[in-house]
Amino acid sequence: MNDTTLPKPRKKTALRKGFALYDWKVLLSSASDLAQRRGAPFRQISMEEVALHNQVHDGWMVLHGKVYNIGPYLHYHPGGVDIMKSSLGKDGTVLFEKYHRWVNIENLIGKLLLGYLLEGKQQSQLNMPPPRPRRNQKLPGLLDSRKSGDDDGEDDDEEGTDLNPW
């Protein structure tokens with residue numbers, strides 16, 4: 001058999017003792033704030049902010065539109081830290097799908113979630129609630145059905161009536 005037809009062996013990285021998958025799972029179950037959010041709620045994060053966190057000691061990564069503080073996991077990654085360095089501060093979704101499509105992200109690094117990727121102006125506008133009508137503003141269609149002679153038991157005096165349907 002020709003050597004060129006054989007698949008190249010995988011380059012494996014030896015993990016230090018105490019950095020196997022089991023050790024990571026133990027850490028996940030015992031640590032209270034691995035993402036280092038300090039109790040803050042999930043938030044929207046711009047790609048520019050993600051790009052600032054591109055070091056091993058402070059590494060963020062985007063996977064499927066979610067931003068993770070991947071720093072605590074780096075030394076537990078079976079491929080080693082070096083293979084992950086190129087994705088720090090970037091969107092690693094394509095690489096993740098190429099090599100780890102079967103991996104359950106939520107189970108593995110879900111506790112490292114910081115927030116969701118903010119994708120331009122459109123995304124921020126979609127997440128804003130619709131504007132509320134101003135006080136004493138008549139809304140067409142909602143209040144026009146009232147007739148002066150209706151007998152609903154309510155005072156039809158327009159002054160002091162809250163016209164806000166919410």
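These numbers were taken from a predicted model, which means no experiment stands behind them.
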Mind checking the [atom1]-[atom2] spacing from [X] to [Y]? Nearest 0.5 Å is all I need.
| X | Y | atom1 | atom2 | answer |
| --- | --- | --- | --- | --- |
| L63 | D91 | CG | CG | 7.0 Å |
| K66 | E106 | NZ | CD | 4.0 Å |
| I45 | E48 | CD1 | CD | 12.0 Å |
| L108 | Y68 | CG | OH | 9.5 Å |
| I70 | L88 | CD1 | CG | 8.5 Å |
| D33 | K111 | CG | NZ | 10.5 Å |

Worksheet item: Quick check: are there more than 12 heavy atoms from other residues, nucleotides or ligands sitting under 6.0 Å from CZ of F42?
Response: yes
Donor-acceptor check, side chain of [X] to backbone of [Y], threshold 3.5 angstrom: yes or no?
| X | Y | result |
| --- | --- | --- |
| R37 | A40 | yes |
| K90 | S86 | yes |
| N54 | G89 | no |
| T93 | H64 | yes |
| D23 | A20 | yes |

Worksheet item: Would you call the rings of H53 and W60 parallel, tilted or perpendicular if under 30° counts as parallel and over 60° as perpendicular?
Response: parallel
Is there a path of hydrophobic side-chain contacts, each under 4.5 Å between heavy atoms of I, L, V, M, F, W or Y residues, that connects [X] with [Y]?
| X | Y | answer |
| --- | --- | --- |
| W102 | V94 | no |
| L112 | L21 | yes |
| V56 | F19 | yes |
| M61 | V103 | yes |
| Y99 | I105 | no |

Worksheet item: Quick one: side-chain contact (heavy atoms from CB on, under 4.5 Å) partners of H77, sequence neighbours excluded?
Response: Y73, I83, M84, H100
Worksheet item: Which is it for L117 and Q44 under the side-chain contact (heavy atoms from CB on, under 4.5 Å) test, yes or no, and what are the steps along the way?
Response: CA-CA 6 Å; L117 185 62; Q44 291 189 331; over 6 Å; no
Practice prompt. Mind listing the closest non-hydrogen atom pair of L113 and V67 along with its distance?
Written response: CD1-O, 3.4 Å
Response to the item:
Here the pair of heavy atoms bringing S87 nearest to L95 is OG-CD1, 3.4 Å
Discussion item. Counting C-beta onward and ignoring hydrogens, is there a side-chain heavy-atom pair between Q36 and D58 closer than 4.5 Å?
Written reply: no
Fill in: Evaluation steps, side-chain contact (heavy atoms from CB on, under 4.5 Å), between R43 and L114
CA-CA 7 Å; R43 62 187 179 95; L114 295 170; over 6 Å; no
